[in-house]
Number of protein chains: 2
Amino acid sequence: MLTGVHVLLLGGDARQLEVIKKLSELDAAITVCGFDGLHSPPQGAVQATFDESLFEGVDALLLPAVGTDDNGLIHTVFSDGELKLTEKHFTHLPEHCVVYTGMAKPYLKHLCQQRNLKLVELFERDDVAIYNSIPTAEGALMMAIQNTDITIHGSACVVLGFGRTGFTMARTLQGIGAKVKVGVRRSEHYARAAEMGYEPFYTGVLLQNASNIDLLFNTIPTMIITAQIIANLPSRAVIIDLASKPGGTDFRFAEKRGIKAMLAPGLPGIVAPKTAGRIIAECLGQLIMDETIKRGNGI
Amino acid sequence: MLTGVHVLLLGGDARQLEVIKKLSELDAAITVCGFDGLHSPPQGAVQATFDESLFEGVDALLLPAVGTDDNGLIHTVFSDGELKLTEKHFTHLPEHCVVYTGMAKPYLKHLCQQRNLKLVELFERDDVAIYNSIPTAEGALMMAIQNTDITIHGSACVVLGFGRTGFTMARTLQGIGAKVKVGVRRSEHYARAAEMGYEPFYTGVLLQNASNIDLLFNTIPTMIITAQIIANLPSRAVIIDLASKPGGTDFRFAEKRGIKAMLAPGLPGIVAPKTAGRIIAECLGQLIMDETIKRGNGI
């Protein structure tokens, strides 16, 4: 339980409502800003006006998926008010306070470093990334169904990368009957892909493996679907790039050649905000509990 | 091959383009009406103006998914012209001519009976229905992803009916990680569903099995999702009804209770027109060939 633990939650979207629900079930004392546009305030939380005094005595500061932008602004979908995080706010935080966010830009990292506060980037965690790969793969599948005039069942798919997202993407496609090739860089990934019934190949020979396919899913965050690769694709092929911005596709050339190519980061919050919220909530609940126990034990 | 076989194809959508392509590959002599709105005429076919004389010497008359409406009108998406089939047109057809359509309304059945012409309803065929169940299930899956805020992976799904579509729907959901219960009426379906790793139940006890679910897919074409069943569903539940019109759901009551319920017939032509067209084309090619051989043998 989190009885007596003070949490300040700033901004965010529907996912944060699941976080509030979970932490409230764990009996944390929750203050929120950026939810004044909701019909009814989130249950179990106190709504407050954004102010320096809110930061006093806070044990855990929770920021949304992208903590702040490059100027310290916090994304809020349930409020028109501006939440801008500054050095001044941070001076009020106790030194044991931990800052949690999905991923942190340099601005937020700098604020934490200045005060020597622990910063946890949830999306960097393997468990969170694996859970998040489920809504990502379902969103990509939805895009594939929408953007082709064939069934995914029986189609020729290539998945680039066999990490946390590539693994799930390949399994999802196989689950509905697609023929799946997986482009890998490591020999252990090659072996695992073969064991799972995919047709593995090394990304070095992507060109030879991209000639007669219907769908190309990329999870590798470097320029891999180059103009040369695109030139070799059949005109019916559709590229769905799941790597973080700017993706791994030469989108300019794809457009020039008339090949449909889409960059689709951030799918979990779009296609399954409730599940995505629960993933964050479960993880956060556990992390804050662990932190509280550590502090109680004087570690 | 279909060399020397005269085919008249009237109206339809993108699926008929696949039919024309296939029959042209088989060397049939194809005349088409209702495609004048296309940028370029379908390759391998002669475009003609709709006229009685076109029906002379025709071996196979091809009509679209829904042959005609109740007044004899043929659905055309690639033309603004009106194609209305009458008794007069049919008098010009040779007596060996076979009429092919997806499904026939009484109007078309009557025309064929009058001239004693063989009528083939493709969607009645088991093979076509099984192949068509693939795009149907993918379309339903797409709707499920779009209309929920959770992932289908891990969700609690019920599929009603374990026939040609229910079987595919259950397998598709299981393939992406849903928990699948299947409501059946026959003991052999109960056994098969159990063998495949679903949780089967008899539709007589649907009420007890519909209390804590996320998604309800229906393939049974009688009123089965009654007001009583809907009253028992959790408010988050989504109903996707795949049975032919008017479906098996009390939509009026669902709306009253605020439960999302959608009737989704005709998904193959919408989500995968190319695949759906190929399914029809493959079947038609074979049937016309069989018919030609029979006639050649004087059967």
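Below, read A as the first sequence line, B as the second, and so on, with proteins coming before strands; counting in each chain starts at 1.
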Distance in Å, [X] [atom1] paired with [Y] [atom2], rounded so as to fall on 0.5 Å steps:
{"X": "Arg171(A)", "Y": "His153(B)", "atom1": "CZ", "atom2": "NE2", "answer": "5.0 Å"}
{"X": "Asp149(B)", "Y": "Ile270(A)", "atom1": "CG", "atom2": "CD1", "answer": "14.0 Å"}
{"X": "Met142(A)", "Y": "Ile145(B)", "atom1": "CE", "atom2": "CD1", "answer": "6.5 Å"}
{"X": "Thr151(B)", "Y": "Leu267(A)", "atom1": "OG1", "atom2": "CG", "answer": "13.0 Å"}

Can you confirm whether [X] is buried at [atom1], in the sense that more than 12 heavy atoms of other residues, nucleotides or ligands lie under 6.0 Å from that atom?
{"X": "Phe162(B)", "atom1": "CZ", "answer": "yes"}
{"X": "Arg164(A)", "atom1": "CZ", "answer": "yes"}
{"X": "Tyr131(A)", "atom1": "OH", "answer": "no"}
{"X": "Gln43(A)", "atom1": "CD", "answer": "no"}
{"X": "Glu255(A)", "atom1": "CD", "answer": "no"}

Item to check | Choice from Ala272(B), Pro268(B), Ser155(B), Ala14(B) maximising heavy atom contacts with chain A below 4.5 Å | outcome: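 Answer, by heavy-atom pair count under 4.5 Å with chain A: Ala272(B).
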Item to check | Whether Glu138(A) side chain and Ile152(B) backbone form a donor-acceptor pair below 3.5 Å | outcome: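 A pair under 3.5 Å: yes.
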Item to check | Option in Val271(A), Leu141(A), Thr148(A) with maximal non-hydrogen atom pairs under 4.5 Å from chain B | outcome: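 Going by pairs under 4.5 Å, I would pick Val271(A).
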Item to check | Proximal component of Gln174(A), with respect to chain B [non-hydrogen, under 4.5 Å] | outcome: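 Nothing of Gln174(A), per the 4.5 Å heavy-atom cut-off to chain B.
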